[in-house]
Amino acid sequence: MEAFLQYTVQGLAAGGFYALAALGLAVIFGALGVVNFAHGSFYMLGAVTAAVLLDVLDIHFWASLVIVPILMFIFGVIVELLLVQWLLKLDILYNFLLTFGLSLVLVDLVKRQYGVSGLPYEQPAGLDGLIRLGSVEIPAYQLFVFLFSLAVCLIVWLVLAKTRVGMIVRAATEEPERARALGINVSAWVTPVFGFGVALAGLAGVLAAPFRAVTATMGSNFVIILFAIVVIGGLGSVLGAVVAGFLVGLVEAYGQGYAGTFSQVLIFVLMAVVIMVRPAGLFGRKEAV
Amino acid sequence: MSTDLETPIPTKFDVSDFDPQARRARSIRRILLGVVALVAVIGLPWWVYPPIAVDIAAWALFAISVDLLLGFVGLLSFGHAAFWGVSAYSAGLIAQNLGVPFPVAIIGGAIAAMIIAVPIGYLAVKRAGIYFAMVTLAFAQMIWFVANQWNDVTGGENGLQGVPKSFFGIELIETEAFYFYYVAVILIVLGAWLAWRIVNSPFGRVLVAIRDNPSRTRALGYDVERYKLIAFVLSAGIAGIAGGVFAISHGFVSLQELDWSTSGKVVLMTVLGGMGTLWGGPIGAAVIVLLEDRLATSGFDGIGIITGSIFILCVLLFRRGIWGTAKNLIDKATAAFAKRKG
């Protein structure tokens, strides 16, 4: 039972990274119709930026949690304006390939600059201890990651569902033609939404920095698991991304805890099952197939 | 996926099919191309270091297998390393444990790749376009995990070492890559011919119809998913031949063969060469392999920066690829010439 709780918290923390990053992927896909292969590299850049800020400017975790997403937003806007926007009218595959190329470049640039061994990043002060929950002790940082990611996902969902801006973005993403006909300037929203999605990936990276090794290749496996997540959740769905993100985090943690060696395979087994039962994903709309 | 691939793909019934002059011009062009290809295939190990020549041949066939799906069925497989890698491991293990001549081991590897392609393809063809790419990628990664963990069989992170190159009792050691090339290239050409046959068969016509308009093809009574699945498995088999040749040539199989960057690299070759042309893949493969070789020998350690940039530029500015662009120019020139004459 204690082990089970331990794995659950671990899974929810890992799920937090996944949910945040998958949410960014889903928002970008919704607004631009772009499947962003570079999302893993943006996650990695978030973590690396946090590590560099700490090293060079002595900016600590809490400040990074705000500064890095802003920097990543700016970076995302630049990427969108320089590269992505030129292919928006073409087949979706082109942007997939473009962002794949971009991720190769980003990973190798970081590798050349900081080597392969990775950058150190310590646990933020105040979160390095253990929290007692009944009979089990849980690392405070894992609990924090879970709660923080959940809160951010909730806020994003509320903004999309309840505010005027969210309504416009949803209209622009779900019915671009009709939104245009109603006088909404759809293209004006595309660039900031891309930047926002990149910022979410970067935020997930900052959260990962004290927890996982900060290396140039940390996003490589991550992005593939993200793809499995969006296939499970349904690519068009924001809710699907978040739920599937946490679900995959849990599956991974239980797998590592109980199944051992072949645990990573479980995620893809889950994906296979979902494809067989509901090809559009758990929360996907049918026409999105 | 809507097909906006912008690549000149032979349509089924071109008006020029019924124009004897155009037909003759086309068959002359085909013969010329065949001669050029033959000279390239035979002369390659004279021009480049023989092991690199084998690499080019293997990657060329691998790119052809990807183009068979991408260019002719409209399916971007981003997990083709699974078949290349599974065949590489299987061929390596067969050669190591059974002592059979290496072409037999390679064929065995290709069969293993096709077997593994059946369940993956079955699931993947349920989704199209970008979803297909993500599903194939994810399953390929699953195989990577298995190979990484299954130490006893695959050697895990150390890879599979000491794969022999026995050819009916003759051991072709490293220095004899020159001779190995000529045996291996027969398999490569066989694979390429198979792809060409598939594309130019009634079956291939149905594939192109599926690419252009899946719903209409379904309405005509074709079982679209089954056609896609068969094409997927055949493509996996061709990728398997390529992977087997690569493994035997290097005498070593590493996890890199299953890595997603390998899947990406072969797609880059296909796009760079020109998708939907079959000829483009080998050209893209030659360019990338030679470039990587040049960069590696010059001690440059950021190959991803170069290949990634090529990818970006290619997709932004040069979507027809090398062969697509060349073919387009030739077509235009021929048309202009015919117009002036006629």
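A, B, ... follow the sequence lines: proteins, then strands. Residue 1 opens every chain. Side chains included, hydrogens not; waters and symmetry mates left out as well; all remaining heavy atoms used.
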Between A/Val35 and B/Ile130, the two heavy atoms sitting closest are CG2-CG1, 3.3 Å

Which value, rounded to the nearest 0.5 Å, describes the distance between A/Asn221 atom CG and B/Phe145 atom CZ? 4.5 Å

Looking at every non-hydrogen atom in both residues, tell me the closest pair between B/Val135 and A/Met271 and how far apart they are. O-CE, 4.0 Å

Neighbour count >12 (heavy atoms, 6.0 Å) for atom OH, B/Tyr122: no

What distance do A/Leu97 atom CG and B/Arg319 atom CZ have between them, rounded to the nearest 0.5 Å? 11.0 Å

More than 12 heavy atoms from other groups under 6.0 Å of OH on B/Tyr222: no

Hey, what do you get for CG (A/Leu83) to CG (B/Leu316), rounding to the nearest 0.5 Å? 6.0 Å

Among residues at least two apart in sequence or on other chains, which ones pass ring-ring contact (aromatic ring centres under 6.0 Å, His included) with A/Phe75? A/Phe42

Nearest non-hydrogen partners of A/Val105 and B/Ile305, listed with the distance: CG2-O, 3.6 Å

Is A/Thr99 close to chain B through its backbone or its side chain, or both, or neither, when contacts mean heavy atoms under 4.5 Å? neither

Distance (rounded to the nearest 0.5 Å) between A/Leu104 CG and B/Ile312 CD1: 8.5 Å

For the student: nearest non-hydrogen atoms of A/Val269 and B/Met142, plus distance: N-SD, 4.4 Å

Structural part of B/Val146 lying under 4.5 Å from a heavy atom of chain A: both

To the nearest 0.5 Å, how far apart are CZ in A/Phe268 and CD1 in B/Ile120? 11.5 Å

List the steps, then state whether side chain to side chain contact (heavy atoms under 4.5 Å, CB included) holds for B/Tyr131 with A/Val230. CA-CA 9 Å; B/Tyr131 297 85; A/Val230 294; over 6 Å; no

Counting the benzene-type ring for Trp, do A/Phe37 and B/Trp260 have ring centres under 6.0 Å apart? yes

Side chain to side chain contact (heavy atoms under 4.5 Å, CB included) between A/Leu93 and B/Leu70, worked out: CA-CA 10 Å; A/Leu93 292 177; B/Leu70 177 58; 4.2 Å; yes

Where do B/Gly302 and A/Arg112 come nearest, in terms of heavy atoms and distance? N-NH1, 3.8 Å

Turns out that what part of A/Leu109 lies under 4.5 Å from chain B's heavy atoms comes down to both

If you take all heavy atoms of B/Gly264 and A/Phe100, which pair is closest and at what distance? CA-CZ, 3.3 Å

